[in-house]
Amino acid sequence: MFYMNEFDEIIRGLLLNVSLILLPPFIYESFKLDKMGYVSKKVKPHEVAILTSISVILCMTFAIPLFNGHLYDLRMIPVLVSFFYGGIWSGLATVTVMFLYRWYLFSEGFYTMIVVYSFVVIIAAYISPRYFYLRRRDKFLIAATITIIAMLLMFIATYLMNIKKGDFYIIELIKFFLLFTLIKILALHFTIYILEGFVEKRELRIELQRVDRLNTAGGLAASIAHEIRNPLTVAKGFMQLIQNKGENLSQEKIKEYLEMAITETNRAEKVIADFLSFANPSVENQSLINVSDLISMACNIMYSYATLNNVSINKNLEKGCYLITDENKLTQIFVNIIKNSIEAMPKGGEIDVRVFKDKKNVVIEVEDYGVGMTKEEIAKLGTPFYSLKTSGTGLGLMVSYKYVQILGGKIKVESEKGKGTKFILIFPIYDKAPQEDTNG
Ligand code: ADP
Ligand code: MG
């Protein structure tokens with residue numbers, strides 16, 4: 001039996017449901033936000049499945065029992081969300097959890113639910129692969145249509161099952177279903193609106209990372225071109241020598257010249273390869289990295305940029321410093337830091353790069369003797385768009401700081417205005433590293 005004065009109760013119950021639906025994604029996103037700079041394009045399907053299943057269970061636990069034990073709640077929203085944002089498998093997983101829990105709670109209306117959800121699952125599974133490409137207006141429209149049809153089915157089923165019992169007012173039932181449908185659509189739209197916002201922010205962050213990488217790469221391109229021209233000129237010179245004086249040269253001389261030409265061409269090739277692997281990194285992956293080799297490569301990438309700015313890089317690299325880490329990210333961190341050090345010395349100078357280890361950590365230092373920073377300036381490092389350079393982006397250190405955090409490291413900065421700056425990076429060492437390499 002159902003009376004209008006229960007509306008209060010119903011609305012309270014539904015509002016509670018709405019907050020239970022939104023709670024998991026909010027908590028999840030706020031955790032993910034900490035990992036800024038390391039977001040992947042889509043949320044993983046199993047994560048969506050778990051979060052929506054939690055919502056479903058919460059919704060059902062706090063359902064509103066009406067009409068002889070029928071349970072009314074907003075669990076359809078997390079089910080649809082699961083299909084739309086996690087894909088078909090995620091959706092099916094969430095529906096399975098829902099059925100199991102409903103079976104466990106068994107009360108009247110179980111068969112109604114099977115009818116209604118057969119419809120919902122089929123439609124949602126059909127929409128699911130296309131959802132991502134829909135305009136937002138169409139997403140809202142589809143969500144509303146599914147809700148209305150599902151509610152209509154539910155209404156018919158409830159009507160048929162209660163009509164025999166007689167204790168029942170059709171007007172009240174219609175009013176209730178209209179209200180319920182309205183609230184469901186509003187709640188669903190609100191949820192989609194919030195989730196779309198999350199997706200948008202995610203994409204923005206990925207775009208930021210990409211822009212910064214392109215920017216750094218673009219800034220380096222001119223110096224890279226310069227760097228490639230040198231070995232090519234040398235190689236060409238040797239080949240011209242052979243071409244012009246070929247007859248007068250001994251076989252050994254020719255061989256020697258050719259070898260030098262090949263060495264120089266290889267060098268140019270290596271510069272290009274390093275540069276490309278930096279600009280278009282392969283998939284993210286963790287592997288065993290020899291830090292000294294990696295720093296050496298980062299210095300090679302920066303070599304031409306340094307030379308162009310009259311800066312020389314001194315390397316002091318201890319062997320046997322191993323990390324399990326993401327090679328591309330670590331390289332980008334050092335390219336960014338070394339680039340800043342070079343730019344901190346407009347009149348040229350020297351940079352000291354050191355790698356050493358203690359029992360627990362690998363320590364990497366990059367020290368320049370350039371413009372330096374005040375305490376206030378140091379505090380602002382890593383803030384997006386903080387840059388004191390006319391053509392700076394202020395993104396290099398933001399990305400680097402986030403990467404260091406993701407890779408489980410720490411970053412310290414010591415600097416004095418007018419004297420210079422030292423960036424110190426500390427990463428937990430991988431101590432099961434190969435033995436033969438540790439005595440250098
Ligand atoms: P950008 O290099 O594009 O300006 P970054 O995020 O790389 O952006 O650096 C932000 C700011 O931090 C720089 O503009 C500069 O003022 C300061 N900075 C970074 N590294 C150094 C350094 N080694 N010496 C002095 N200032 C630095
Ligand atoms: Mg920079």
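Order of appearance sets the numbers: ligands from 1, and atoms from 1 within every ligand.
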| Polar contact flag, side-chain donor to acceptor under 3.5 angstrom, Y369-D352 | yes
| field | Heavy atom of the protein closest to atom 17 (C) of ligand 1 (residue, atom name, distance) | value | L381 CD2, 3.8 Å
| So which bit of T421 gets within less than 4.0 Å of ligand 1, heavy atoms only: side chain, backbone, both or neither? | side chain
| query | What is the minimum heavy-atom distance between V120 and A150, and which atoms define it? | reply | CG2-CB, 4.0 Å
| request: Would you mind checking which non-hydrogen protein atom is closest to atom 18 (N) of ligand 1, with the distance to 0.1 Å? | output: M373 SD, 3.9 Å
| said: When you compare the side chains of Y85 and S90, does any donor N or O come within less than 3.5 Å of an acceptor on the partner? | reply: no
| request: Taking all non-hydrogen atoms of both residues into account, name the closest pair between M373 and E377 and its distance. | output: CA-OE1, 3.2 Å
| Centroid-centroid under 6.0 Å between F238 and Y257 rings | yes
| said: the Mg ion (ligand 2) and N336: any N/O/S contact shorter than 2.8 Å? | reply: no
| said: Is any side-chain heavy atom of F99 closer than 4.5 Å to one of V56? | reply: no
| note | Counting heavy atoms under 4.0 Å, the part of N336 that contacts ligand 1 is neither
| Does S387 approach ligand 1 within less than 4.0 angstrom via side chain, backbone, both or neither, non-hydrogen atoms only? | both
| In terms of residue, atom name and distance, what is the protein heavy atom nearest to atom 11 (C) of ligand 1? | Y386 O, 3.7 Å
| With distance as the sole criterion, is a donor-acceptor pair present between the side chains of K389 and N340 under 3.5 Å? | yes
| If you measure every N/O of L397 against every N/O of ligand 1, is any gap under 3.5 Å? | yes
| query | Nearest protein heavy atom to atom 7 (O) of ligand 1, by residue and atom, and its distance? | reply | N340 ND2, 2.8 Å
| query | Closest heavy-atom contact between H189 and F140? | reply | NE2-O, 2.9 Å
| task | Using a strict cut-off of 4.0 Å, indicate which atoms of ligand 1 neighbour a heavy atom of G396. | result | 6 (O), 7 (O)
| Once you round to the nearest 0.5 Å, how far does CE of M302 lie from CD1 of I337? | 11.5 Å
| field | Mode of D368 contact toward ligand 1 - side chain, backbone, both, neither (heavy atoms, under 4.0 Å) | value | side chain
| query | Which protein heavy atom lies closest to atom 3 (O) of ligand 1, and at what distance to 0.1 Å? | reply | T393 N, 2.7 Å
| said: What I want to know is whether L388 and ligand 1 share at least one N or O pair that is separated by under 3.5 angstrom. | reply: yes
| remark: Ranked by distance from atom 13 (C) of ligand 1, the top protein heavy atom is K389 CE, 3.8 Å
